[in-house]
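Notes for the one structure printed next.
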Amino acid sequence: MSWENESCPCGDRKAREAMLCERCREALADTYEMAVFRDETADHGQRRAAAIRLLSMARRRKQDGIQ
């Protein structure tokens, strides 16, 4: 997974310079991890850990059949 490519961890296409595709962002919008990731006042380590968990959750989104 790279910020420069157009492949989301779930397998769908995403915009360049984005971490997740639109469907993943919608599916994960209400999670604690997304709240921490978007919180610019949070510690760098907390945001990094939240981003790692979001990537894992995005990979599982397709496997679990969550649209």
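Quick caveat: nothing in here was measured; it's all calculated off a predicted structure.
- With rounding to the nearest 0.5 angstrom, the CG atom of L54 is 11.0 Å from the CZ atom of R59.
- Smallest separation of non-hydrogen atoms from R47 and E40: NH1-CA, 4.1 Å.
- In terms of heavy atoms, R23 sits closest to D12 at CD-OD2, 3.9 Å.
- The CD atom of E33 sits 12.5 Å away from the CZ atom of R38 when rounded to the nearest 0.5 Å.
- Screening M19, Q46, R53 against F37 for a side chain to side chain contact (heavy atoms under 4.5 Å, CB included) leaves a single residue, M19.
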Q: Kindly indicate, with the supporting measurements, whether the criterion side chain to side chain contact (heavy atoms under 4.5 Å, CB included) is fulfilled by R48 and D43.
A: CA-CA 9 Å; R48 180 182 181 276; D43 174 84; over 6 Å; no

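- When all heavy atoms are compared, the tightest approach of C24 to R61 is SG-NE, 3.0 Å.
- The SG atom of C8 lies 11.5 Å from the CZ atom of R13; values are rounded to the nearest 0.5 Å.
- Rounding to the nearest 0.5 angstrom, the gap separating the CD1 atom in I52 from the CE atom in M57 is 13.5 Å.
- One hydrophobic cluster, built from ILVMFWY side chains closer than 4.5 Å, cannot hold both V36 and M34; they sit in different ones.
- A distance-only check finds a donor-acceptor pair linking the side chain of R25 to the backbone of L20 [under 3.5 Å].
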